[in-house]
Amino acid sequence: MVDIPGSLHGARTRAQAVSALGVHGVRAALRAGELVALWPRVLVDAARRLDPVTRSAAALLTLGPGAVLAGL
């Protein structure tokens, strides 16, 4: 698991990941399978990619600060 401060339930923007790990660190984590891209510009910890809370957090990061999730 890649620990990046400020991540939201294991999800973070690519910019946050690059800020914390650097471009080469992000590329290495993606190649190693430690991080996965769920949607454009959003990365999640591979171990949490199926977690509903992590996926919801990733969706909110993708859609922006005005987004709302509703339902089960």
Is it true that Leu43 and Leu38 fall in one hydrophobic cluster, defined by side-chain heavy atoms closer than 4.5 Å? no
Verify same cluster id: Val44, Leu30 (apolar side-chain graph, 4.5 Å): no
Does Ser56 reach the main-chain N or O of Pro52 with its side chain, forming a donor-acceptor pair under 3.5 Å? yes
Just by modelled atom types, is the Val42 backbone N or O under 3.5 Å from a matching donor or acceptor in the Thr13 side chain? no
Could you work out the complete set of other residues in the hydrophobic cluster of Leu60, with links drawn between I, L, V, M, F, W and Y side chains under 4.5 Å apart? Leu69
Under a side-chain separation threshold of 4.5 Å, the hydrophobic residues clustered together with Leu8 are none
Approximate separation, where rounding is to 0.5 Å, of Arg55 CZ and Arg48 CZ: 13.0 Å
To the nearest 0.5 Å, what is the distance between CZ (Arg41) and CD (Gln16)? 12.5 Å
Does anything in residues 9-19 form a salt bridge (charged side-chain N to carboxylate O under 4.0 Å, His left out)? List the pairs, not counting sequence neighbours. Arg12-Asp45
Nearest heavy-atom pair of Ala59 and Trp39: which atoms, and what distance? N-CZ3, 3.6 Å
